[in-house]
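As structure tokens, the structure follows; a few thoughts come after it.
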Amino acid sequence: MKNLKLLLLLFIVSAQAQQGGMWIPSLLNGMNEKEMKSLGMKMSASDIYDVNKSSLKDAVPQFNGGCTSEVISPKGLLLTNHHCGFDAIQNHSSVEHDYLTDGFWAYKMEDELPNEGMVVTFIVKIEDVTKQVLSGVDALPSEKDKQAKIQENITALSASFPKESWQENKIRTFYEGNQYMLFVTETYKDIRLVGAPPSSIGKFGSDTDNWVWPRHTGDFSLFRIYADKNNRPANYSKDNVPYVPKTFLPVSLDGVKDDDFTMVFGYPGRTTEYLPAVAIAQIVNELNPAKIEIRDRALKVEDGFMRKDNAVKIQYASKYASVANYWKKWIGESQGLKKSNAIAIKRKQEAAFQEKINKAGKQAEYGNLLSDFEKNYTEIAPYAVAREYFTEVVLRNTELLSTTYKLYQLEQILNTKGEQAFNDRKQNLSDGLGDFYKEFNKEVDEKVFEQLIDLYITKSPKQFLPASLQNANAKKLAAEVYQSKASNYTGLKELLSGDSKTVLANLNNDAAFKLVKDIADAYFKNVAPKYDELNLKITALQRTYMKAQLELNKDSRLFPDANSTLRVTYGKVKGYEPRDATVFTSMTYLDGAMEKYIPGDYEFDVPKKLIDLYNNKDYGQYGEKGKMPVCFIGTNHTTGGNSGSPAIDAKGNLIGLNFDRVWEGTMSDIYYDPAICRNVMVDIRYVLFIMDKFAGAKNLIDELKLVHPKRK
Ligand code: ARG
Ligand code: ASP
């Protein structure tokens, strides 16, 4: 009987722990802390976040805006993913020094490579400022006025909240405008590349394995933070010194097993877990298919060129990877949403919620919420689709068009802000676009254009197209548009020389400019105003919907959607069963990489040295029972931006490096299904093994604090 009770208790606790969630680190006290301890955590909430003493948060900076990283040595050594450092590794590469292919290791600090523009940002402090931000807002009549007042309050508070001169204040909204938090941050600007494995390790499996389990990728790279003599942020200087962190993560040599507690600490970018069913249906049926088809075509063209020409392969490696990444994500997401019946489940929950509203006597406040969603989402549909076409075709995937769009904005600047602003921006563009053209290939881009403009003409909502496109022919258009001066750097600089009159006359004579102007003018006249108007209404509805849920679901804890701020997610090491009779276990080994090995293949080649180490089972202190662990999965609720996040054990040691999610669970940004949503991590022992045995970077291993938390 006693055992049964215990079992039942365990069951309840672990069922709860699988709800997912990304929690605010300063608010873990109470429910979260209790749950984390019940899952095996041996730390307290204040070991994770504290403002009075150093805590784990001091070792986890955001990496260059979009990823996460962690400090792992007293000399500011920083670990993140290979795919997060990819751009930097690519920028240092040439056909002669191809660090993407061969890897890069600095065996002395002097050899570490600076990266212009790269930053990492630490959180110093988090404060709830909801009251201040919302003060005076309720009294205002329109949504527009409310938003303006909120912005005004945010600006004022950011300027007045106490901070040191080298720090910054940033305010972010949580629960869709129901809560506001202020972050005091410190941004370091001298970040140097220290080490990267060859892509055949760091990107092993490439796009075929991306978003898929089982995985055998050593997705890591190493950087170092440099600071001025006072340990403060400073621009690059050779006089800067390695940053001394408030704390750094010890690294566990003991590995993981099923059911071990795991915590992932990082900067998840964006989730939309509280969308109504009608919005999810729109994503599955209209928005994702359009975006997928566009990228499908762009990728096919680029892939063809990259396979033929090594120079193009280096030039397009990073762009291709990022376009392919979300293309594949959306495919998995749509499949997962369908397979998990997310829409039907949400509809059911909404019906129950409507009843709750009625029972609580809140009809006046919340009674029309769901029908208003229905109405507004239906109305916005064609505008939302047109917006995706515009964004994907013009702004994201055809490079000549996205560059020319900057010239279009230049013309707008003259019209709205005058001559001085125009000249400043013009100079900026003329100087700044050099890097873009280094990685631009006209031949490739023209073929991409031909494919994508064809979709724009034939598939985007006809009623919004400019007249010039209504019956246009993609091939003919391509031949004209790629005569543009903007198709090379010299031409662009010519286009931009002279006074504003001359520049405008030249631009308006240019084929690419004329096309972009046509498309953009039509978009800003036919689509954007209505889209913005409806979207503002939807945003207000989402805020009220969130408020209603917080108010009427007091018994269940709701986590705020990701918003690129620091979050804690926790769970256990655990496999999953995606389909009937299919079981995925939680850990992979180097044996699996060898099973996938295809000599000379651009995705599945394995470096000779790694094969030798494998054949000799030369794993040093990093192997386990004669095998080399590579990756593992867990029930942590992560999303884009969590890449490079530390996976931390019960006592605060580093056990892994987060880098992906499993295919069946990629819909977790919209609908988290605890049965199949898993995050993918590199086992930290594989990282150490590659650094030590493969690369011989003993200098780096010596900086680390290696620990054995599981030894008695
Ligand atoms: N899917 C992972 C994430 O969203 C890894 C992406 C990098 N790898 C790639 N093959 N594109 O970032
Ligand atoms: N790979 C993602 C990232 O780069 C993580 C994810 O989406 O699971 O942040």
Side-chain angles (χ1 to χ4, degrees), residues 20 22 60 62-70 79-90 100 196-197 199-213 215-221 262 264-273 295 298-299 302-303 306 313 316-333 336 561-567 569 571 596 601-604 631-647 656-670 672 676-682:
M22 307 164 169
V60 187
Q62 187 172 38
F63 184 80
N64 214 22
C67 281
T68 305
S69 55
E70 49 277 358
L79 178 65
T80 188
N81 287 143
H82 185 263
H83 78 261
C84 297
F86 200 83
D87 247 333
I89 304 166
Q90 177 190 25
L100 283 179
S199 292
S200 51
I201 291 172
K203 205 182 169 199
F204 181 74
S206 192
D207 295 304
T208 299
D209 270 10
N210 192 21
W211 300 108
V212 166
W213 183 254
R215 198 63 156 275
H216 301 87
T217 314
D219 195 346
F220 79 96
S221 59
T262 59
V264 173
F265 203 8
Y267 297 81
R270 189 177 135 79
T271 59
T272 47
E273 311 278 354
R295 291 199 176 191
L299 289 167
E302 289 171 15
D303 183 62
M306 286 167 76
K313 189 177 152 193
Y316 274 73
S318 182
K319 284 184 268 194
Y320 184 91
S322 85
V323 175
N325 191 32
Y326 266 67
W327 162 77
K328 195 166 178 186
K329 154 93 195 291
W330 293 323
I331 296 174
E333 182 176 274
D561 267 321
N563 59 0
S564 293
T565 63
L566 185 59
R567 301 291 180 92
T569 169
K596 289 177 178 171
D601 185 70
Y602 100 111
E603 296 191 307
F604 292 103
C631 293
F632 64 99
I633 52 175
T635 60
N636 310 286
H637 187 176
T638 54
T639 185
N642 267 126
S643 274
S645 297
L657 182 60
N658 183 75
F659 71 103
D660 210 359
R661 280 170 281 167
V662 305
W663 183 243
E664 296 78 8
T666 49
M667 81 297 189
S668 64
D669 294 343
I670 295 172
Y672 185 85
I676 50 173
C677 290
R678 297 289 179 273
N679 70 313
V680 183
M681 297 156 274
V682 198

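Since the structure is predicted, the reported quantities are computational estimates derived from the model, not experimental observations. Atoms within each ligand, like the ligands themselves, are counted from 1 in listed order.
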Quiz item: If we only count N/O pairs under 3.5 Å, is Y326 in contact with ligand 2?
Solution: no
Quiz item: Taking distance alone, with no angle check, do C67 and ligand 2 share an N/O pair under 3.5 Å?
Solution: no
Exercise. Ignoring hydrogens and angles, state whether a donor on the side chain of N563 or T565 is under 3.5 Å from an acceptor on the partner side chain.
Key: yes
Quiz item: Any heavy atom of H83 sitting closer than 4.0 Å to ligand 2?
Solution: yes
Quiz item: Hey, is S322 touching ligand 1 through its side chain, its backbone, both or neither, going by heavy atoms under 4.0 Å?
Solution: neither
Practice problem: Indicate whether the side chain of T271 and that of D561 have a donor and an acceptor atom separated by less than 3.5 Å. | Solution: yes
Exercise. State the atoms of ligand 2, each with its element, that fall below the 4.0 Å cut-off from a heavy-atom position in N642.
Key: 9 (O)
Quiz item: Nearest protein heavy-atom contact for atom 3 (C) of ligand 2: which residue, which atom, what distance?
Solution: S643 OG, 2.3 Å
Practice problem: Answer yes or no on whether K203 is positioned over the face of F86, meaning its NZ or CZ is under 6.0 Å from the six-membered ring centre and within 45° of the axis. | Solution: yes
Quiz item: Got the closest protein heavy atom to atom 7 (O) of ligand 2, with its distance?
Solution: R661 NH2, 2.7 Å
Quiz prompt | Location of contacts on T639 toward ligand 2, heavy atoms closer than 4.0 Å | solution = backbone
Quiz prompt | Check: K313 and Y320 side chains under 4.5 Å, non-hydrogen atoms | solution = no
Self-check item: Candidate list D660, T639, N658, T262, test side chain to side chain donor-acceptor pair (under 3.5 Å), partner N679, passing option
Solution: N658
Quiz prompt | W211, any N or O under 3.5 Å of ligand 2 N or O | solution = no
Practice problem: Compare every heavy atom of Y672 with every heavy atom of T635, then report the nearest pair and how far apart it is. | Solution: O-OH, 3.2 Å
Practice problem: Answer yes or no for G641: is there a heavy-atom contact with ligand 2 below 4.0 Å? | Solution: yes
